[in-house]
Amino acid sequence: MDMKRGLSNPYAQLLTTMVLWGSAFSSSKAVVEHVPPSVGALLRFGGGAIALLLALWLFGDRKTRGPARTGWRAAGAGVLGVFAYNGFFFWGLSLAPSLDAGILIPVMSPVLTSTFLLLTGKQQAGWPRIAGLSLGLTGATIFLFGADGSSDGNANRLWGDLLFLASAVCWAAYTLAGPRVLSGIEPLRATTYATCAGALLLTVLAAPDMAKVQWTELPSSLWLNTAYLAVGAAAVANLLYYRGVSSVGPANASLMMFNVPAVNTLCATLFIGETLGWLQGTGALVLLAGAALAVTQGRLPRRKPTAIGQPSLTAADTSHEATDQHRTV
């Protein structure tokens, strides 16, 4: 098969994105082992902001920048989708394994989004959706019970998992705000503005802790992980995701998110030796099954191309109202 043709396949682009996002959890955990959570968040998204600015300069559509208010809306979204999300995420990583984050955040985000849309009457209350959401919330409860009785001796694991749930809430809210935020602005530009705004706030948050870091004693592995997170999980992943979603539509793209827990589990167990207890493993499977049922309503969405520049983060797909997760975790 022609390599160039394979890389241009939208599903290959989306799968590559999920691999980058899935591996980012364990890579972030490796960073937090050497620096405070606030500094780790800044290193990742400060570098990510620089990488995205470069990607925007190279690949952005300079003819459709839109009015200034669209840029300010996107920057405002960065307070929630970058600053708050990653504040909770990196704090959670200091208390709990990355394995938990890679299951709870990407799976609970669509569950929480669909629950909100269902309660507000913006989604149809069909039995597959209700059953899926109920199953997903049950799985999350089982997962948290497993964290509370964790056999790994980590008494803080439950608190870390609760912080991961707070991250999922932030991401769900960011998703729901997406149609308004991305109206009249290309997704890459919106994400760049949001990331830069969030990185500025993370700088303020991390400032007191930065003085405590022994910068000259940090291992080279930390800088390698930081570069991977900034370039791979931020710039490259987002660019590939935008191109993929423009071809297959947000519903099909959202289904690809279920590859993230699998990739994360593989990386966390192989590279940093993390494990799940049997109760957490059971909860994770129930959560995944429920989320998949809620998002798909028991059927695969049809291919629906999306025009380039159309918001890739939508509250609901027009056919199945599937959640579209559009930023790096």
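Just the heavy atoms: all of them, side chains too, but no hydrogens, waters or symmetry mates, feed the values below. Note that the structure is predicted; figures quoted are calculated from it, not measured.
- Side-chain atoms of P37 and L93, non-hydrogen and from C-beta on, never get closer than 4.5 Å to each other.
- Screening residues 75-88 for salt bridge (charged side-chain N to carboxylate O under 4.0 Å, His left out) gives no qualifying pairs among residues at least two apart or on separate chains.
- The hydrophobic cluster containing V286 also includes L135, under a criterion of side-chain heavy atoms closer than 4.5 Å among ILVMFWY residues, counted directly or through chains of members.
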If you apply the rule side-chain hydrogen bond (donor to acceptor under 3.5 Å, both in side chains), what do you find for E274 with T269, and how did you get there? CA-CA 5 Å; E274 294 180 346; T269 53; over 6 Å; no

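- Taking the six-membered ring where the residue is Trp, F25 and F89 present perpendicular rings, their angle passing 60° and hence far from 30°.
- Cluster note: V19 groups with V263 through ILVMFWY side-chain heavy atoms spaced under 4.5 Å, whether in direct contact or through intervening members.
- Separation of the F45 and F83 ring centroids does not fall under the 6.0 Å cut-off.
- The salt bridge (charged side-chain N to carboxylate O under 4.0 Å, His left out) analysis of residues 88-101, with sequence neighbours excluded, yields the pairs D100-R157.
- For L112, the side-chain contact (heavy atoms from CB on, under 4.5 Å) partners are M108, A168, V169, A172, not counting sequence neighbours.
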Take S109 and Y174 through the test side-chain hydrogen bond (donor to acceptor under 3.5 Å, both in side chains) and record every step on the way to the result. CA-CA 10 Å; S109 294; Y174 184 50; over 6 Å; no

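- Taking the side chain as every heavy atom from C-beta outward, Y85 and I105 approach each other to under 4.5 Å.
- Side-chain contact between W171 and L80 is absent, with no heavy-atom pair separated by less than 4.5 Å.
- With sequence neighbours left out, S26 forms a side-chain hydrogen bond (donor to acceptor under 3.5 Å, both in side chains) with no residue at all.
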